[in-house]
Undergrad: 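Take this structure first; my questions come after.
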Amino acid sequence: MNLFAIFADHVRDAVRQLGTEGVLPDGLDVARVVVEPPRDASHGDLATNAAMVLAKDARMKPRDLADKLAEKLGAVAGVARVDVAGPGFINIALDLAYWPRVLAATLASGADFGRSALGTAAKVNVEYVSANPTGPMHVGHCRGAVFGDALANLLAFAGYDVTREYYINDAGAQVDVLARSAYLRYREVLGEAITIPEGLYPGDYLVPVGKALVVKYANTLLDKPEADWLPLVRAVAIDAMMGMIRTDLAALNIRFDTYFSERTLHARSGGNASIIDRLLDDMRARDLVYQGSLPPPKGAPVEDWEDREQTLFRATGFGDEIDRPLVKSDGTYTYFAADIAYHKDKFDRGFKQMIDVWGADHGGYIKRMQAAVKAATAGEGSLDVEICQLVRLLRNGEPVKMSKRSGTFVTLRDVVDEVGVDPVRFMMLYRKNDAVLDFDLAKVIEQSRDNPVFYVQYAHARASSILRNAQEAFPDMPQDPAAFAAADLARLDDEGEIGLVKLIAAYPRLIEQAAGAREPHRVAFYLYDLASALHGQWSRGKDRPHLRFIIEDDRNLTYARLALVHAVALIIASGLSILGVDAPKEMR
RNA sequence: GCACCCGUAGCUCAGCUGGAUAGAGCGCUGCCCUCCGAAGGCAGAGGUCGCACGUUCGAAUCGUGCCGGGUGCGCCA
């Protein structure tokens, strides 16, 4: 149950009633009406802006309209008090008896509490990572990977039919560079002394690829011209790199539903037109493509600039600043052309909603890609692009030195091995994705309050510990959700307990808001608050023993409190699973 | 030069798609362990929300212009 959604319905009902009574005009637009928690808890449990939003259309003063609405809302079951405050806020305080019902509903839905139908089971494609298959993943890829994965989890929980997709850039010049680099290692394995020239990949992760080539082809590739060996070597190398990347992703608990190869878009088997060929034909037919030339860029001068005519997409017609080239001077397609075909393919596979997760360095490509999706799908498809900012890797506040030239960049695997999956995932999500993130290797393994990963996990462990202790004190007490839901929850009348129930009641709304904004970090911050409230209530029991969760001589009260603890643990586990973080039953 | 992102407490950051007296952690000051896990809790001090106009009942949030930081800017992916 979503308390705020329920009361939003009540508010709309009240508006409708006032309409039929002639107090308000019929058919007022209630789209901007929201019911939300008041900023200050002393104002009540729920607040709505309805009177202020509707005042103009109703041609009434906000406060007068608020009084009318308040009268109706006061009659709703469970409402203890309705106040009008400030410029026309309507504050609603709920009867104390309301909260046990919320808690009972929570326990009844168990791990599904908070699950939403917001997405109406619509198909959404979330594309993320899409790292080039030219080497192991480094820390720079990590944030996008974790963010994309958590976003996919969040959307699935919010009722979308989510597909997780990885685009393999296996068609460009970079994989040819990879192949040449691997070929050198192959010769090295066959006994040749090699030097790796500037521009090729120096990393020793290609040595095993060289060995694999020897196993597969013996020395038969040595005498062939490049045109012959390159496709063979490239195929083996790409397979090997994708294997590494999948292993790295597995270390982060990330899996994909679909790996999509760029190469398939270019393929012209048996002389047939490729997918890109057909797309461009289609776009030409619809006058979205033309031959023309572009003005030279204004900023940093391009050294070998030459004015020439090229094949351009009319991006300016769809919100971009400049038309964009689709064909290179050597006649092959640009990356952009392939990417349009790729997104059109997603659309053709049934995804009207597409989400791409990109690194900050691709921010400049958002407009053209959105323009292309709009054009290629005739306005029926939509593309959201979420940008992940840089991660600065630190150790005790000092930047960790990385040098690509010497090949000593920090791999994703290094970081996961050093600090563990949970801290990596949580910290990557404990910041807005479009803000730069400092990741301190030393701090994220600290077990203290200023490490939110630990703090939240500890709350879950503590809750589990309470339930274990209760098992000893009351061995015959069944600890399952159904039994907890049947407890005498009205015994929970301490303000700290009610506060916890209120936080629990906010979870479904939080999920919908986070999903709508595509912001999984909100889940992380919510969990921190919930953990804090549990720790707080625990400590109150230290000063006042009657507030402890386990009261040896009051079985009913203990049972009600255990139900609360169980619900909190349930939600922490739920939220952590969205973030892809483990919810431990004890800390070590 | 242009586009996009960021600017909130000494530091690191939230701020619920425009709401009421702007919050948290760290750091600082002072408390709480014979007691369910102190790996925790409580209280205090600390702010011109980069600056200036504008939009309206109401702006940290939206618009415009500056200032400062980041990213990117035909035929790379």
Side-chain angles (χ1 to χ4, degrees), chain A residues 32 34 36-40 43 47 49 52-53 55-56 61-63 85-89 91 130 132 134 169 171-175 262 293-300 302 304-308 310 312 320-330 332 334-336 338-339 359-367 387 389-390 430-432 434-438 440 443 446-452 454-455 457-459 461-462 465-466 468-470 473 506 509-510 513-514 516-517 519 521-522 525-526 528-529 532 535-543 545 548-552 586-587:
Chain A
R32 290 173 59 217
V34 295
E36 57 189 359
R39 179 160 303 223
D40 190 331
H43 292 141
N49 61 354
M52 292 174 290
V53 171
K56 190 178 274 179
K61 289 181 185 167
R63 299 255 342 180
F89 279 102
N91 292 320
S130 299
N132 290 335
T134 55
N169 302 136
Q174 291 180 10
V175 284
E262 182 187 356
S293 57
L294 291 172
K298 285 277 196 294
V302 181
D304 55 348
W305 172 264
E306 52 172 315
D307 192 19
R308 68 176 191 85
Q310 48 190 345
L312 297 169
D320 200 0
E321 284 104 29
I322 197 167
D323 292 338
R324 303 291 180 178
L326 300 172
V327 181
K328 297 192 241 177
S329 56
D330 66 359
T332 62
T334 60
Y335 181 84
F336 182 51
D339 220 2
D361 53 342
H362 289 64
Y365 291 77
I366 296 176
K367 280 187 182 175
I387 290 294
Q389 272 294 344
L390 302 176
Y430 200 62
R431 194 111 311 173
K432 264 187 311 207
D434 53 6
V436 194
L437 168 74
D438 286 344
D440 195 309
K443 281 187 183 160
E446 250 174 48
Q447 300 202 337
S448 68
R449 165 137 208 186
D450 59 323
N451 182 353
F454 162 76
Y455 188 72
Q457 287 187 318
Y458 178 39
R462 178 171 259 175
S465 166
I466 293 166
R468 276 196 303 274
N469 288 331
R509 178 172 183 268
L510 172 99
Q513 303 246 319
E519 290 185 344
H521 77 271
R522 293 194 197 188
F525 280 95
Y526 168 84
Y528 187 89
D529 287 345
S532 177
H535 288 312
Q537 187 62 12
W538 166 277
S539 294
R540 296 180 74 216
K542 288 201 162 296
D543 296 335
R548 288 178 197 170
F549 293 108
I550 299 170
I551 306 293
E552 304 275 349
E586 57 186 333
M587 306 296 280

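Throughout, a chain's letter reflects where its sequence line sits, starting with A, and its residues are numbered from 1. Scope of the values below: all heavy atoms of this structure, side chains included, with no hydrogens, waters or symmetry mates.
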Undergrad: Base, sugar-phosphate alone, or nothing: which one does A/F525 contact when heavy atoms must sit under 4.0 Å apart?
TA: sugar-phosphate
Undergrad: Please work out if A/Q457 contacts a base, only the sugar-phosphate, or nothing of the nucleic acid, heavy-atom cut-off 4.0 Å.
TA: nothing
Undergrad: Please pick, from B/C35, B/C57, B/G74, the nucleotide with the shortest atom-to-atom distance to any side-chain atom of A/P87.
TA: B/C57
Undergrad: Scan A/E586 against the nucleic acid and name what it touches under 4.0 Å (heavy atoms): base, sugar-phosphate only, or nothing.
TA: base
Undergrad: Should the heavy atoms of other residues, nucleotides or ligands under 6.0 Å from NZ of A/K61 be counted, would the total exceed 12?
TA: no
Undergrad: Classify A/V436 by what it touches in the nucleic acid, base, sugar-phosphate, or nothing, heavy-atom distance under 4.0 Å.
TA: sugar-phosphate
Undergrad: Just call it for A/A517: base, sugar-phosphate, or nothing, with non-hydrogen atoms closer than 4.0 Å on any strand.
TA: base
Undergrad: Syn or anti for B/C33, please, going by whether the chi angle lies within 90° of 0.
TA: syn
Undergrad: Return the orientation label for the A/Y458 and A/F454 ring planes: parallel under 30°, perpendicular over 60°, tilted otherwise.
TA: parallel
Undergrad: Select base, sugar-phosphate, or nothing to describe what A/K61 touches, counting heavy atoms under 4.0 Å on all strands.
TA: nothing
Undergrad: Considering only side-chain heavy atoms of A/D361, which listed nucleotide, B/G19, B/U56, B/U71, is closest?
TA: B/U71
Undergrad: Which whole number of Å gives the distance between the C1' atom of B/G15 and that of B/A59?
TA: 14 Å
Undergrad: Say you pick atom P in B/A39 and the same atom in B/G27; how far apart are they, in whole Å?
TA: 16 Å
Undergrad: Could you identify the nucleotide paired to B/G7, looking across every strand shown and requiring Watson-Crick or G-U wobble geometry with both distances under 3.5 Å?
TA: B/C67
Undergrad: Mark yes or no for a side-chain to base donor-acceptor pair under 3.5 Å between A/R540 and B/C42, with no hydrogen or angle criteria applied.
TA: no
Undergrad: Compare the minimum distances between each of B/A14, B/C57, B/G70 and the side chain of A/M52, then state the nucleotide with the smallest one.
TA: B/C57
Undergrad: Any donor and acceptor pair, going by atom type alone, linking the side chain of A/N49 with main-chain N or O of A/V34 inside 3.5 Å?
TA: yes
Undergrad: Would you say A/R32 has more than 12 foreign heavy atoms packed within less than 6.0 Å of its CZ?
TA: no
Undergrad: A/T334 has a side chain; which of B/C75, B/C36, B/U17 sits nearest to it?
TA: B/C75
Undergrad: If you check every side-chain atom of A/R308, which of B/C75, B/C36, B/U12 has the closest atom?
TA: B/C75
Undergrad: A/A514 near the nucleic acid: base, sugar-phosphate alone, or nothing, with a heavy-atom cut-off under 4.0 Å?
TA: nothing
Undergrad: What nucleotide, of B/G58, B/G37, B/G15, holds the atom closest to the side chain of A/R32?
TA: B/G58
Undergrad: When syn is taken as a glycosidic angle within 90 degrees of 0, is B/U17 syn or anti?
TA: syn
Undergrad: How many Å lie between CD on A/E321 and P on B/G72, as a whole number?
TA: 17 Å
Undergrad: A/D320 CG to B/C4 C1': how many Å, rounded?
TA: 12 Å
Undergrad: From CD1 of A/I387 over to P of B/C6, roughly how many Å is that when rounded to an integer?
TA: 11 Å
Undergrad: Identify whether a stacking contact exists between A/H43 and B/A20, where the ring centres must be under 5.5 Å apart and the planes under 30° apart.
TA: yes
Undergrad: Counting Watson-Crick and G-U wobble pairs only, both distances under 3.5 Å, name the nucleotide matched with B/A43, or none.
TA: B/U29
Undergrad: Is the phosphate of B/U17 approached by A/R509 (side-chain N or O, under 4.0 Å from OP1 or OP2)?
TA: yes
Undergrad: Would a distance-only check, ignoring hydrogens and angles, find a side-chain to backbone donor-acceptor pair under 3.5 Å from A/R63 to A/G86?
TA: yes
Undergrad: Report yes if at least one side-chain N or O of A/K328 is closer than 4.0 Å to OP1 or OP2 of B/A77; otherwise report no.
TA: yes
Undergrad: Could you check which of B/G37, B/C73, B/U17 has an atom nearest any side-chain atom of A/Y365?
TA: B/C73
Undergrad: Please state how far atom CZ in A/R548 lies from atom C1' in B/G40, giving the value in whole angstrom units.
TA: 14 Å
Undergrad: Let me know the distance between CG of A/L437 and P of B/C11, rounded to the nearest Å.
TA: 19 Å
Undergrad: Suppose you measure atom C1' in B/A14 against the same atom in B/C31; what distance do you get, rounded to whole Å?
TA: 28 Å
Undergrad: Could you tell me which nucleotide pairs with B/C2 by Watson-Crick or G-U wobble geometry, both distances under 3.5 Å, or answer none if nothing does?
TA: B/G72
Undergrad: Please measure how far the P atom in B/C51 lies from the corresponding atom in B/A9, and state the result in whole Å.
TA: 11 Å
Undergrad: When all nucleic acid strands are considered with a 4.0 Å heavy-atom cut-off, which category describes A/G516: base, sugar-phosphate, or nothing?
TA: base
Undergrad: When rounded to the nearest Å, what value does the distance between P atoms of B/C33 and B/U17 take?
TA: 43 Å
Undergrad: Quick one: which of B/C36, B/A20, B/U56 gets closest to the side chain of A/K56?
TA: B/U56
Undergrad: Using OP1 and OP2 only, check whether a side-chain N or O of A/K443 sits under 4.0 Å from B/C26.
TA: no
Undergrad: If we take the P atom in both B/U56 and B/U61, what is their distance in whole Å?
TA: 16 Å
Undergrad: Can you tell me how far P of B/C13 sits from CZ of A/R522, to the nearest Å?
TA: 19 Å
Undergrad: Could you work out which one of B/A20, B/A14, B/A38 sits closest to the side chain of A/R462?
TA: B/A38
Undergrad: Sort out the partner of B/U56 for me: Watson-Crick or G-U wobble, both distances under 3.5 Å, none otherwise.
TA: none
Undergrad: Find which nucleotide of RNA chain B each of A/E36 and A/N451 is nearest to by heavy atoms, and output the residue with the more 5' nucleotide.
TA: A/E36
Undergrad: Within the pair A/W538 and B/A38, is there a side-chain N or O less than 4.0 Å away from OP1 or OP2?
TA: yes
Undergrad: For A/V53 and for A/E306, find the nucleotide of RNA chain B with the closest heavy atom, then tell me which residue's nucleotide is more 5'.
TA: A/V53
Undergrad: Between A/Y526 and A/R522, does any side-chain donor sit less than 3.5 Å from a side-chain acceptor?
TA: no
Undergrad: Considering non-hydrogen atoms only, spot the tightest contact between A/H43 and A/P38 and give its length.
TA: CB-CB, 3.9 Å
Undergrad: Would the base of B/A20 count as contacting A/N91 through its side chain, where contact means a donor and an acceptor less than 3.5 Å apart?
TA: yes
Undergrad: When all nucleic acid strands are considered with a 4.0 Å heavy-atom cut-off, which category describes A/G363: base, sugar-phosphate, or nothing?
TA: nothing
Undergrad: So, taking the atom named CZ in A/R548 and the one named CZ in A/R540, what distance separates them when rounded to the nearest 0.5 Å?
TA: 13.5 Å
Undergrad: Classify A/H521 by what it touches in the nucleic acid, base, sugar-phosphate, or nothing, heavy-atom distance under 4.0 Å.
TA: sugar-phosphate
Undergrad: Can you check the A/Y526 OH to B/C13 C1' distance for me, whole Å?
TA: 21 Å
Undergrad: Are A/Y455 and B/G41 close enough that a side-chain N or O sits under 4.0 Å from OP1 or OP2?
TA: yes
Undergrad: How far does CD of A/Q389 sit from CZ of A/R431, to the nearest 0.5 angstrom?
TA: 13.0 Å
Undergrad: Which value, in whole Å, describes the distance between the C1' atoms of nucleotides B/C49 and B/G18?
TA: 15 Å
Undergrad: Could you work out which one of B/G15, B/A38, B/C75 sits closest to the side chain of A/K542?
TA: B/A38
Undergrad: Would you mind reading off the distance between A/Y528 atom OH and B/G15 atom C1', rounded to a whole angstrom?
TA: 16 Å
Undergrad: What interatomic distance, in whole Å, is found between P of B/U21 and the corresponding atom of B/A60?
TA: 11 Å
Undergrad: Specify whether A/Y430 and A/F525 have parallel, tilted or perpendicular ring planes, treating 30° as the upper limit for parallel and 60° as the lower limit for perpendicular.
TA: parallel
